[in-house]
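Beneath this line is the structure, given in structure tokens, with notes to follow.
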There are 4 protein chains.
Amino acid sequence: MKKKEEVRKTQIMKAAYNAVSELGYDNVTLQHIADNAGVSKGVVHYYFNSKQNILLELLESITNQIYRYELEAIDKHQTAIEKLKAYLDAVFISPQKNRKFYSVYLDFLAQANGNEDYKRINMNFYENCWGIGKEIIELGKKEGVFRQESDTLTNAKMMRALIDGSLIQWLTCNEEELHQFYKDSCINSILNLLQYSKE
Amino acid sequence: MKKKEEVRKTQIMKAAYNAVSELGYDNVTLQHIADNAGVSKGVVHYYFNSKQNILLELLESITNQIYRYELEAIDKHQTAIEKLKAYLDAVFISPQKNRKFYSVYLDFLAQANGNEDYKRINMNFYENCWGIGKEIIELGKKEGVFRQESDTLTNAKMMRALIDGSLIQWLTCNEEELHQFYKDSCINSILNLLQYSKE
Amino acid sequence: MKKKEEVRKTQIMKAAYNAVSELGYDNVTLQHIADNAGVSKGVVHYYFNSKQNILLELLESITNQIYRYELEAIDKHQTAIEKLKAYLDAVFISPQKNRKFYSVYLDFLAQANGNEDYKRINMNFYENCWGIGKEIIELGKKEGVFRQESDTLTNAKMMRALIDGSLIQWLTCNEEELHQFYKDSCINSILNLLQYSKE
Amino acid sequence: MKKKEEVRKTQIMKAAYNAVSELGYDNVTLQHIADNAGVSKGVVHYYFNSKQNILLELLESITNQIYRYELEAIDKHQTAIEKLKAYLDAVFISPQKNRKFYSVYLDFLAQANGNEDYKRINMNFYENCWGIGKEIIELGKKEGVFRQESDTLTNAKMMRALIDGSLIQWLTCNEEELHQFYKDSCINSILNLLQYSKE
DNA sequence: CATGAATGAGGGTTCATTCAT
DNA sequence: CATGAATGAACCCTCATTCAT
């Protein structure tokens, strides 16, 4: 693939991300995406062949970007607790970015029930996220700061469930200022889940 | 409202629930709903004025039904722990019913970002759910089985986040047999969240 | 099928016939057909489900109509020669009608190469036409006016080849007044093909 | 015109012939033609200015080639009967080549009704074909093997009608092995048309 | 000369909504 | 009340044509 093609695809992908986040999955049209990218409708087809393809690549692209960002974040720290906090900082990045990502991601989750391609891509994202969770929990166990008897993978899944559930709740509650609240609550709950009793 | 009208609306509502759960929010047409209800397309319009209205009432109807069912479940028990288990039993009612409800509910959550009416209805559902959570947690604190220092509403919100996050995760993982796993994990995690350390 | 539906389909079919004869197979749009029928574009889909269906039914309809007309024509006469002339009268019905039918029919023949449905319908038309030819030739043999030694089906096929070839030639030559010439030449040639030498 | 240009145009013309014979007149795109020729879309436009032009030149080219081939064929023989058989051998050259040529030619005939350029080119082809017929028939008359009283041009036209009608019929009947049957039947019918009675 | 990226008009099709019966 | 025929706007997609590189 040539460089120009790469640039164009990225440009259109970003436009699609903007368009879906603004209009929602089923209201988005190729025209919207094209307008957002500042190109003609034909160009979008030229590079992606179909609307379905754009959306597939969009889901793959944004979940991979999120994952890589989270991965980088935890790699910068050494201890389990620090990594956990860095992870949550990465996840709860900012109200604006969370709103954008989760509104689009929620659309895809809804579509996934009935679309095996979306399911597969999301499954991959889940496994990546669980992987981060496992890494942190295992380290914490080794360090002796997390309980030994709990199942690592199970807790990793619960961690992600809590995170997704929290951000979806936050998104729907429509109050920007609750972002910090959900972030703090999430961290506390996860620590409760994993740590020895602090008493 | 006459009795016949009531009957008709209920019939159409059920048809809409079936149709949306089978086809997904954006693939559903009035024709599908009408077919599923065994009536003509005109009837659907006659009683609901617009497709949007059907879907609005559908969201309201199913969230209220779920809430009432959960409320009844916890009312049958006396202690916090029993109520909590009854609540989770009601929430994780069965793979079939969870699949149906959560696939439709997820569609609505996705739509809610950009539709104030959906947001309002879902907000109401959230508050109802938090109410249940609060009731259980407060009772548990009174009984002395749950930690006193934690914030009740916050924990109620985290409970619901964990539940929704778990069922969404389960839905997308596409493995029916994980239903029990997510239910058990959810209960354990919530207990961890609320109880004194068991050591 | 209700009467009204029948009427509508006929109306649209006629409009499609007009539109294809005027614009040609690949230039015809649903809008043209709808305009010609005086209805909206949606109606055409309502009754035929797809453009392809309209055209399939059109081919079937016009070939069947032509066949029935030809059949009626020869049934009104008793002798082979009279039947043959009636057949040719029916085939060379008028410049206007021949132009219309053959321009549309030629379009379908061209499409048939690569469309099994069209092929099947045309094959049926061919067999009907050969049937007429066979009936006339067999009668002529019985009457003793046509040569005995020739193969009936082969001659029936050649008769139709001559007719189609003539009308296609006439159509392309673009001179209305040659219609009579081709009709006469066709009759003479067919008689030459079938009869004993007149010397 | 430079040599390179000539080569390029021939190359594209052949590609167009292949493409139209495979895909049909209305399904062919410039991309198909370009792909088939192993060049870019731009080249096709550069040498022909428009798609319409390619097709025009294609019709002219293939009809001229067929005509020259038929002409050469009859020039190799001396007597009318021999020339006639050579002509039919040239026309019914092979199932493969006939299928290719007639499927494309039929497409053009269908288009001709409404396109004066195609009509003109085909008219020229007709006149060339009639010329061959006339040459053969006149020779036969001179030789005394064909009937004197018949009109030469008329019979030449009927000959061509029979040939075209036969090959179109053969094409649509979709049975390769009938090729020989139609060839034989055509020769016999033409001889019947032209010769003195054999009794 | 040659490429293929870009355009945008126009196609078939879907479907919520309307309304005559 | 109930039906479903009719409408037409809006969608995705195709492709001849143009033109910068």
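All figures in this text were calculated on a predicted structure; none of them were measured in a lab. Numbered from 1 within each chain, the chains take letters A, B, ... in sequence-line order.
- The salt bridge (charged side-chain N to carboxylate O under 4.0 Å, His left out) check on D:Glu60 picks up nothing, with sequence neighbours excluded.
- For the contact set between residues 12-25 of chain A and DNA chain F, defined by any heavy atom under 4.0 Å, there are no members.
- For D:Leu55 and F:dC15, the CG to P distance is 14 Å, given to the nearest whole Å.
- Separating the CD1 atom in C:Ile62 from the CZ atom in C:Phe101 is a distance of 5.0 Å, to the nearest 0.5 Å.
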Steps toward side-chain contact (heavy atoms from CB on, under 4.5 Å) verdict (C:Asn113, D:Thr172): CA-CA 7 Å; C:Asn113 187 55; D:Thr172 310; over 6 Å; no

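- Between the side chain of C:Asn53 and the backbone N or O of C:Asn49, no donor-acceptor pair lies under 3.5 Å.
- Using modelled atom types, one side-chain atom of D:Asp107 and one backbone atom of D:Tyr25 make a donor-acceptor pair closer than 3.5 Å.
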Footprint string (nucleotides 13-21 of chain E, 5' to 3'): B base within contact, S backbone only, - free, heavy atoms under 4.0 Å: BBSSBB---

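- A stem is defined here as three or more consecutive Watson-Crick or G-U pairs, each with both distances under 3.5 Å; for DNA chain E these stems are E:2-21 with F:2-21.
- Rounded to whole Å, the distance from CG on A:Asp35 to P on F:dC11 is 11 Å.
- The side chain of D:Tyr46 sits closest to E:dC1 out of F:dT7, E:dA6, E:dC1.
- Note on D:Tyr47: only backbone sugar-phosphate atoms sit closer than 4.0 angstrom, heavy atoms only; bases stay farther off.
- For A:Gln11 against A:Val39, the heavy-atom pair with the smallest separation is NE2-CG1, 4.0 Å.
- Listed by chain and number, the residues in a side chain to side chain contact (heavy atoms under 4.5 Å, CB included) with D:Asn124 are D:Asn64, D:Asn128 (sequence neighbours excluded).
- The ring of B:Phe108 has its center no closer than 6.0 angstrom to the ring center of B:Tyr105.
- Within the 4.0 Å cut-off from OP1 or OP2 of F:dA6, at least one side-chain nitrogen or oxygen of C:Arg8 is found.
- Legend: residues meeting side chain to side chain contact (heavy atoms under 4.5 Å, CB included) with B:Asn115, ordered by chain and number and at least two apart, are B:Gln52, B:Asp117, B:Tyr118.
- Around NZ of D:Lys14, the count of heavy atoms belonging to other residues, nucleotides or ligands within 6.0 Å does not exceed 12.
- Checking side-chain atoms of D:His45 against main-chain N and O of D:Gly42 turns up no donor-acceptor pair under 3.5 Å.
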